[in-house]
Amino acid sequence: MDFEEYDFEEYRPMLLGLAYRLLGSMWDAEDVVQEAWLRWQATDHAEIREPRAFLVTVVSRLALDQLRSARVRRESYVGPWLPEPVATAEAGPLDTAELRDTVSYATLHLMERLSPPERAVFVLREAFELPYDQIAEIVGCSLSNARQLHHRASARLAQGRDRFQPTSEEHAELLLKFVSAASGGDLGALTDLLHEDVVAWNDGGGKVRAALRPILGREKVAAFVGGLVSRYDFGRTELVEVNGHPAVLTSVAGNEQLVAIEIRDGRIHSLYGLLNPDKLSRVRTA
C-alpha cells in the first residue's frame, strides 16, 4: 500500500460515516466514497494542504448531488422509504455523543424531512463540528445562510425528538417488552407500551408485503401489530446493535424483518419495520 492509499484509508471510516448520515444508505455512501478515492488519486497531492478537509469537502459535495437525485427516486418508491440500517460497528467512528446521535435510526429518519442543504449543514456542524465558514464553502452558500440553515434544521429535528434520551439498557428493555407483549398476544400490555401519538412505518420496497402508509395512533398500531401476530408465524427473535441502539431481527412468514423503535416520554413513539431484503444485508452480522 503506497502512502497516498494509506492516507485515504486512514479517513475511510470517517468518510463512510459522513456519507451515510447524508444519504441514509450505506450502498450509496460506499459509491460516494469510492468516487472520492478516484478523485483523490487524480489530484496533485502537493496542492492539498489538509487531506481531511479536502476529502470531507469532496464526499459532502458528491453526497449532496446524489441526495438531490435520490429524493426524486424515493418519490416513486413503493410505500414509505426508510433509511438502510447498519450494524453499529459499520457506522464509522462514534467517539462523541453527537456522532452517535446523528447516526441513530430515528434521527436518520427525521433528517429525511430536511432539504439537502439543511441536512448537509446539520451533519457537518453537529456530527463533525466544522466551522461555519468551511460549511458554507462546501454547501455553496454564504456564511449567514449556513447559520440559518443549521438553525432551521436543528429546530425542525428538535420537534421530533425527546430531550431525554434513554440509555441503551432502557431502550433494549422497552423493545423486549414490546416483543414479549406482541408475541404473547397481550393487546393490553402492548397498548400500554405505545405513546398515544405512535407512528408505525413499514418498508417492504414492493418486494415484501407491507403496509403502504404509516399507521397512526396507539389503538391502530396495537391492532395492526396484533393482527400480524395472529395471522403470521414469527421466527426466532435476536437482539442486535443497529445504528448505535438495540433492535430486533426476526422473521415474519419466512421473511426477514428488523424492528427498531424511537422512544418518547418512556414509551414507543416510532416503530420501524424493515422488510425490504435489499436493506437488511448489513444487520445480519450486527
Side-chain angles (χ1 to χ4, degrees), residues 79-80 82-88 104-110 160-162 164-205 207-277 279-286:
L82 293 177
E84 177 194 357
V86 298
T88 297
S104 77
Y105 199 79
T107 301
L108 282 177
H109 184 236
L110 283 171
R161 294 193 293 179
D162 198 334
F164 305 102
Q165 293 299 314
T167 65
S168 184
E169 291 75 16
E170 291 168 339
H171 197 110
E173 181 181 5
L174 184 57
L175 180 59
L176 291 174
K177 282 182 179 179
F178 169 79
V179 171
S180 176
S183 60
D186 190 340
L187 197 60
L190 177 65
T191 304
D192 287 343
L193 297 172
L194 302 175
H195 194 281
E196 62 179 352
D197 298 323
V198 63
V199 182
W201 308 81
N202 294 270
D203 182 342
K207 300 187 175 185
V208 176
R209 188 175 180 182
L212 296 178
R213 291 181 178 84
I215 300 159
L216 313 176
R218 178 186 290 161
E219 303 302 326
K220 288 184 179 179
V221 171
F224 173 75
V225 174
L228 287 178
V229 173
S230 66
R231 286 198 302 270
Y232 301 108
D233 292 329
F234 279 66
R236 182 177 65 90
T237 59
E238 177 186 358
L239 194 65
V240 294
E241 180 82 7
V242 171
N243 291 79
H245 292 288
V248 164
L249 192 61
T250 185
S251 64
V252 183
N255 297 309
E256 205 166 29
Q257 177 176 2
L258 182 82
V259 178
I261 61 173
E262 177 258 334
I263 300 171
R264 185 181 297 183
D265 303 326
R267 286 185 166 85
I268 297 172
H269 184 260
S270 296
L271 182 64
Y272 307 103
L274 275 296
L275 298 97
N276 186 341
K279 294 186 178 182
L280 293 175
S281 61
R282 298 172 197 276
V283 300
R284 296 186 182 103
T285 57

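Because the structure is predicted, anything quoted here is derived from the model rather than measured. Heads up: numbering here begins at 1 and tracks the sequence. Atoms considered below: every heavy atom in the structure, side chains included; atoms not considered: hydrogens, waters and symmetry mates.
Residues Leu174 and Ile268 have side chains in contact (heavy-atom distance under 4.5 Å, counting atoms from C-beta outward). The side-chain heavy atoms of Ile215 and Asn202, taken from C-beta on, include a pair separated by under 4.5 Å. Side-chain contact between Leu175 and Leu239 is present, with at least one heavy-atom pair separated by less than 4.5 Å. Under the 4.5 Å side-chain criterion, counting only non-hydrogen atoms from C-beta, Leu258 is in contact with Leu280. Side-chain contact between Leu108 and Asn243: present, with at least one pair of heavy atoms (C-beta onward) separated by less than 4.5 Å. Looking at heavy atoms from C-beta onward, Phe234 lies in side-chain contact with Val229 at the 4.5 angstrom threshold. You'll find the side chain of Ile261 reaches within 4.5 Å of the side chain of His171, heavy atoms only. Here the side chains of Pro85 and Arg282 are not in contact, with every heavy-atom distance at 4.5 Å or above.
In terms of heavy-atom proximity, Ala106 sits nearest to Tyr272 at CA-OH, 3.7 Å. Closest approach of Gly244 and Thr88 over heavy atoms only: N-OG1, 2.8 Å. Across all their heavy atoms, Pro83 and Leu274 have their closest contact at O-CD1, 3.9 Å. Taking every heavy atom of both residues into account, Gly273 and Leu82 meet most closely at O-CD1, 4.0 Å.
The distance from atom OG of Ser168 to atom CD of Glu241, rounded to the nearest 0.5 Å, is 5.0 Å. Rounding to the nearest 0.5 Å gives a distance of 4.5 Å between CG of Leu249 and CD of Glu256. The distance from the CG atom of Leu275 to the CD atom of Gln257 is 4.0 Å, given to the nearest 0.5 Å. Atom-to-atom distance recorded for His195:NE2 and Ser270:OG is 10.0 Å, nearest 0.5 angstrom. Distance check, rounded to the nearest 0.5 Å: CG of Asp265 to CD of Glu196 gives 9.0 Å. Atom CZ of residue Phe224 and atom CG of residue Leu190 lie 12.0 Å apart, to the nearest 0.5 angstrom.
A donor-acceptor contact closer than 3.5 angstrom is absent between the side chains of Asp197 and His269.
Separation of the Tyr105 and His245 ring centroids does not fall under the 6.0 Å cut-off.
Between the Asp203 side chain and the Gly205 main chain, a donor and an acceptor come within less than 3.5 Å of each other. A donor-acceptor distance shorter than 3.5 angstrom exists from the side chain of Ser183 to the backbone of Val179, with no hydrogens or angles considered. For the pair Ser251 (side chain) and Gly235 (backbone), a donor-acceptor distance under 3.5 Å is present. Not one N or O on the side chain of Lys279 forms a donor-acceptor pair closer than 3.5 Å with the backbone of Gly204. The backbone N or O of Glu170 lies less than 3.5 Å from a partner atom in the side chain of Thr167, making a donor-acceptor pair. In terms of modelled atom types and a separation under 3.5 Å, the side chain of Arg218 and the main chain of Leu194 share a donor-acceptor contact.
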* Starting from the C-alpha separation in whole Å, work towards a yes-or-no answer on side-chain contact (heavy atoms from CB on, under 4.5 Å) for Val199 and Leu271. => CA-CA 6 Å; Val199 182; Leu271 182 64; over 6 Å; no
